[in-house]
Amino acid sequence: MDKTTVDAIMAVIGSGMVVAVVQWLKKQLGIDGGWKALVLTLIVSAGATAYVLLAVVNAFAWLPFLGYTVAVFGLASGLYTVTLKKPNA
């Protein structure tokens with residue numbers, strides 16, 4: 001995976017944009033949770049990933065798109081969390 005692409009996608013995730021859009025859409029559509037929320041999160045994650053690959057990185061390929069979409073989906077849905085180790089004092 002290209003470091004620039006990962007950094008760009010993580011900037012989108014780090015800003016909470018995907019999570020915020022998903023939460024707003026869930027409220028607008030009346031979705032409380034369950035499989036509908038996961039499908040919505042997957043769609044928004046794919047859209048954000050495609051945007052970053054096309055507009056920011058200016059390179060699109062299906063395999064990286066699928067890989068990055070899974071990573072974004074995992075983070076946005078809360079199925080995968082990133083934790084930082086605290087340095088030993």
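No hydrogens, no waters, no symmetry mates; every other heavy atom, side chains included, goes into these values.
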* Hey, could you give me the CG/CG distance between Leu53 and Asn58, rounded to the nearest 0.5 Å? => 10.5 Å
* **Residue pair Leu40 / Val22: nearest heavy atoms and the distance that separates them** => CD2-O, 4.0 Å
* Side-chain touch Phe73/Thr49, heavy atoms, less than 4.5 angstrom -> no
* Take atom CG of Leu29 as the centre, draw a 6.0 Å sphere, and report whether it contains more than 12 heavy atoms from other residues, nucleotides or ligands. => yes
* Asked: Under 4.5 Å between side-chain heavy atoms, hopping through other hydrophobics if needed: is there a path connecting Val70 to Val52?
  -> no
* Asked: Mind checking what makes side-chain contact (heavy atoms from CB on, under 4.5 Å) contact with Leu54, not counting sequence neighbours?
  -> Phe60
* Provide the closest heavy-atom pair for Ile31 versus Ala37 in the form atom of the first, atom of the second, distance. => CG2-N, 3.7 Å
* Structure fact -> Val39 meets the side-chain contact (heavy atoms from CB on, under 4.5 Å) criterion, sequence neighbours left out, with Trp35, Ile43
* Close side-chain approach of Val19 to Thr41, heavy-atom, < 4.5 Å -> no
